[in-house]
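Below is one structure, written out as structure tokens, with a few remarks after it.
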Amino acid sequence: MYRTHTCGELRKSDVGQTVTLAGWVDTYRDHGGGLFVDLRDRYGKTQLVFSSDSGAETQQLSRGIRNEDVLQVVGKVEPRPDGTVNPKLNTGEVEIKVEKLTILNKCKTPPFFPTQMELPGEDLRLKHRYLDLRRQQMQQTLLLRSRIIKQMRDYFDQHGFIDVETPILGRSTPEGARDYLVPSRVHHGEFYALPQSPQLYKQILMMAGYDRYVQVARCFRDEDLRADRQPEFTQLDMEMAFCEMEDIIGIIDGLVQKVAKDVLDIDVTGPLPRMTYDEAMERFGHDAPDLRFGLEIVDATDLAAEAEFRVFRAVADAGNRVRGICAKGAADKYSRRLIDDMTSMVQDDFGAKGLAWFKVEADGTLNSPIAKNFTPELLAKFKERFAAEPGDLILIVADKFEVTCKALYGLRKKLGAELKLYDPEAMHFSWIVEFPMFDYDAEEERWVAMHHPFTAPRPQDVELLDSDPGKCRALAYDLVINGSEAGGGTIRIHDNATQQKVFGLLGMTAEDAQERFGFLLDALQYGAPPHGGIALGIDRWVMLFGHLENIRDCIAFPKTQRAADLMTDAPSTVDRKQLEELAIKVLRLDEVKK
RNA sequence: GGGGCCGUAGCUCAAUUGGUUAGAGUACCGGACUGUCGAUCCGGUGGUUGCGGGUUCGAUCCCCGUCGGCCUCGCCA
């Protein structure tokens with residue numbers, strides 16, 4: 001037996017026992033005659049004491065102990081002498097007088113120590129992930145992740161959901177994200193695709209009568225990475241038959257309450273607040289607004305239309321929008337220089353033509369390079385519209401609606417963080433509903449599904465599919481936590497005719513649709529029940545519930561921004577023989593580009 | 001594909017306007033020390049300044065390219 005106890009469990013009540021512990025050397029303090037070692041495992045730390053009492057042989061062996069060595073010790077639990085209790089440790093009232101030491105494994109001097117104060121560079125952490133995962137912070141996060149997933153599994157189990165696994169090797173579907181492809185050895189020139197989500201399989205399960213399905217599903221999307229995006233990620237995927245949007249939302253409201261209570265001890269009152277997509281875009285410029293703070297977007301297009309200022313007038317006259325935000329008390333926090341930086345941001349990142357600004361002076365006048373273009377009366381109206389007071393900073397973007405949304409969303413996010421408009425520990429949960437069915441892709445001159453092509457239109461909007469698809473709203477709902485999309489779902493189309501019509505609107509011919517999704521169209525004709533579901537982004541839940549800034553910290557073995565695993569060095573080239581079996585020839589770069 | 005930041009000892013960082021021998025803390029090695037808990041004290045080893053090229057009398061510093069990491073726009077139904 002390697003150990004009788006973990007390094008986190010011994011207390012004063014255990015004094016007198018002879019115990020065996022095993023773990024890593026967290027730190028050691030060598031006093032010559034006596035040596036203290038904090039032995040660590042994922043449960044905690046326990047202080048070991050080596051002295052002449054340990055015997056000459058053991059004491060001699062103990063002198064070679066270094067950080068991160070793996071030890072096993074046998075010894076007696078003793079109370080610490082008066083004045084040497086360590087209140088920082090749960091085990092701080094006791095120590096082990098070591099009688100026998102076994103060095104199970106030495107540790108080479110590592111590139112970094114899991115215990116060091118300054119975090120090493122992320123590339124180093126990823127390369128030596130086994131060391132990084134020893135860090136307490138990482139262990140806490142993976143524990144949190146495990147706990148959230150268990151809560152989810154328990155919850156859905158209690159509500160009668162069946163866990164069904166769906167294939168990892170599937171069929172490529174050109175809609176949506178880029179697929180990860182897997183070549184077939186048996187069928188030369190043909191490929192499987194890794195699932196972007198189990199979407200179609202779970203719909204088929206509904207048609208098969210498994211009316212409550214759940215799965216912790218790995219999903220793959222070959223797109224560029226971000227701080228909150230990995231090429232493979234995990235979803236809590238669920239689907240229900242004979243359900244309406246309210247049923248799904250109700251179930252998830254309950255889950256949110258349960259997880260919030262369990263992991264953060266927060267009482268979330270249900271039902272969670274809802275906002276329509278249009279309202280979210282109008283008030284916050286984004287479909288996943290951070291509702292922990294105000295700083296809402298204010299429309300001033302009508303006022304702009306009265307202005308002498310040609311830039312505003314032209315935008316208003318062209319049917320575009322003049323909108324802005326008013327940051328309370330921010331005028332003296334943002335110098336000309338910082339405002340210039342924000343101007344560059346809205347121009348370079350969001351395609352805005354510029355950023356207009358006003359600072360409200362102590363006497364109430366508006367200070368701005370463009371103020372001279374406005375009558376005092378109009379300036380007063382702007383001030384009133386933005387409810388601006390002395391010391392406030394008004395930022396205005398005049399552009400197409402979409403551009404004002406993006407730019408003001410970006411500014412709001414930046415100002416919210418910089419001005420500390422919210423408590424970083426706060427949690428805000430809400431639903432965004434009534435999404436449009438389609439977005440118009442000007443480049444490809446066609447409609448694209450906003451959610452996915454299996455989303456059902458609202459019953460009252462069905463006829464808009466023919467007359468005005470852009471106005472058609474979907475039975476879609478996104479769960480938003482602190483300005484992050486934490487989940488999204490829809491009620492699905494469950495009849496063949498509507499599904500065919502939507503495919504048609506997306507520019508697919510009947511033949512295309514049959515080739516790509518024939519199995520779905522077939523299944524829809526063999527007794528498909530009404531159904532719908534949702535998928536929750538588990539990695540993001542961990543990020544949000546753990547107040548972490550980065551999705552890589554929520555995943556045991558994540559990929560870098562270039563989608564590489566620095567520990568295993570994946571992806572890698574493969575043997576010529578492997579390629580030959582697959583009938584694959586790798587082209588040179590110049591051969592690809594032509 | 002575009003924009004930005006970063007890369008100096010094993011690690012975290014510093015190095016004046018481009019200036020001559022590239023420093024500190026820590027780790028590591030050796031020594032001292034029986035109540036420490038970020039132990040302390042003394043001594044020591046350790047550098048292709050990511051890589052390649054250029055400008056210059058002289059480059060960690062400026063320029064170009066490249067590799068790697070991060071942030072971001074596009075992209076992500």
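Side chains included, hydrogens not; waters and symmetry mates left out as well; all remaining heavy atoms used. A note on names: the letters A, B, ... follow the listed sequences, proteins ahead of strands, and every chain is numbered from 1.
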Interatomic distance at [atom1], [N] relative to [M], whole Å:
N: C42(B); M: C33(B); atom1: P; answer: 16 Å
N: G46(B); M: G53(B); atom1: C1'; answer: 29 Å
N: C75(B); M: G58(B); atom1: P; answer: 49 Å
N: C62(B); M: A24(B); atom1: C1'; answer: 27 Å
N: C64(B); M: G4(B); atom1: P; answer: 10 Å
N: U26(B); M: C67(B); atom1: P; answer: 39 Å
N: G25(B); M: C6(B); atom1: P; answer: 26 Å
N: G18(B); M: U12(B); atom1: C1'; answer: 26 Å

I need the [atom1]-[atom2] distance between [X] and [N], as an integer number of Å.
X: Asp341(A); N: G3(B); atom1: CG; atom2: P; result: 18 Å
X: His128(A); N: U12(B); atom1: NE2; atom2: P; result: 11 Å
X: Met342(A); N: U72(B); atom1: CE; atom2: P; result: 19 Å
X: Glu402(A); N: G74(B); atom1: CD; atom2: C1'; result: 16 Å
X: Lys406(A); N: U72(B); atom1: NZ; atom2: P; result: 15 Å
X: Lys106(A); N: C28(B); atom1: NZ; atom2: C1'; result: 12 Å
X: Glu175(A); N: C75(B); atom1: CD; atom2: P; result: 15 Å

_Phe435(A) and Tyr277(A) aromatic ring geometry - parallel, tilted or perpendicular at 30°/60° bounds_ = tilted

*Relative to the ring of His286(A), is the ring of Tyr409(A) parallel (under 30°), tilted (30 to 60°) or perpendicular (over 60°)?*
parallel

Would you mind classifying the nucleic acid contact of [X] as base, sugar-phosphate or nothing, using non-hydrogen atoms under 4.0 angstrom?
X: Ser197(A); answer: base
X: Phe113(A); answer: sugar-phosphate
X: Pro111(A); answer: sugar-phosphate
X: Lys414(A); answer: nothing

Quick one: list whatever passes side-chain hydrogen bond (donor to acceptor under 3.5 Å, both in side chains) with [X], sequence neighbours left out.
X: His128(A); value: Tyr130(A)
X: Glu122(A); value: Arg552(A)
X: Arg129(A); value: Asp132(A)

_Residue whose nearest RNA chain B nucleotide is more 5′ - Asn67(A) or Asp349(A)_ =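 First, find each residue's nearest nucleotide; the 5'-ward one identifies Asn67(A).
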
_salt bridge (Lys or Arg N to Asp or Glu O under 4.0 Å) partners for Asp278(A), two or more places apart_ =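 Applying salt bridge (Lys or Arg N to Asp or Glu O under 4.0 Å) to Asp278(A) gives Arg473(A).
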
I'd like to check the side chain to side chain contact (heavy atoms under 4.5 Å, CB included) partners of [X]; sequence neighbours left out, ordered by chain and number.
X: Tyr192(A); answer: Leu169(A), Val182(A), Ser184(A)
X: Ala570(A); answer: Asp565(A), Thr568(A)
X: Thr58(A); answer: Phe50(A), Ser54(A), Val98(A), Leu101(A)

Please set out all donor-acceptor pairs under 3.5 angstrom arising from side-chain atoms of residues 337-345 of chain A, sequence neighbours excluded.
{"from": "Thr343(A)", "atom 1": "OG1", "to": "Ile339(A)", "atom 2": "O", "distance (Å)": "2.9"}
{"from": "Ser344(A)", "atom 1": "OG", "to": "Asp340(A)", "atom 2": "O", "distance (Å)": "3.0"}

*Can you give one letter per nucleotide of nucleotides 31-41 of chain B, 5' to 3': B if a protein heavy atom sits under 4.0 Å from the base, S if only from the sugar-phosphate, - if neither?*
--BBBBBBB--

_Sugar-phosphate or base contact per nucleotide [nucleotides 65-71 of chain B; S, B, -; heavy atom under 4.0 Å]_ = ---SSBB

*Heavy-atom pair with the smallest gap, counting every atom of Ala398(A) and Thr404(A)*: C-CG2, 4.4 Å

*Over all heavy atoms of both residues, which pair between Leu225(A) and Gln561(A) is shortest? Give the atoms and the distance, please.*
CD1-O, 3.5 Å

Write down the partner of [N] under the Watson-Crick or G-U wobble criteria, each distance required to be under 3.5 Å.
N: C29(B); answer: G43(B)
N: U66(B); answer: G50(B)
N: C61(B); answer: none
N: G18(B); answer: none
N: U8(B); answer: none

*So which of residues 492-501 of chain A are in contact with RNA chain B, with a heavy-atom cut-off of under 4.0 Å?*
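None, since no heavy atom is under 4.0 Å.
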
_Nearest to the Arg66(A) side chain among G30(B), C11(B), C75(B), which nucleotide is it?_
G30(B)

_Let's test your reading of the model: under 3.5 Å, does the base of G74(B) pair with the side chain of Asp224(A) as donor and acceptor?_
yes

*Does the C76(B) base have a donor-acceptor partner in the side chain of Arg229(A) within less than 3.5 Å?*
yes

*Identify, with sequence neighbours excluded, every residue that meets ring pair (Phe, Tyr, Trp, His ring centres under 6.0 Å) alongside Phe112(A).*
none

*Go through the side-chain N and O atoms of Gln116(A) and Arg135(A) and say whether any donor and acceptor fall under 3.5 Å apart.*
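Looking only at side-chain atoms, Arg135(A) and Gln116(A) do not form any donor-acceptor pair under 3.5 Å.
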
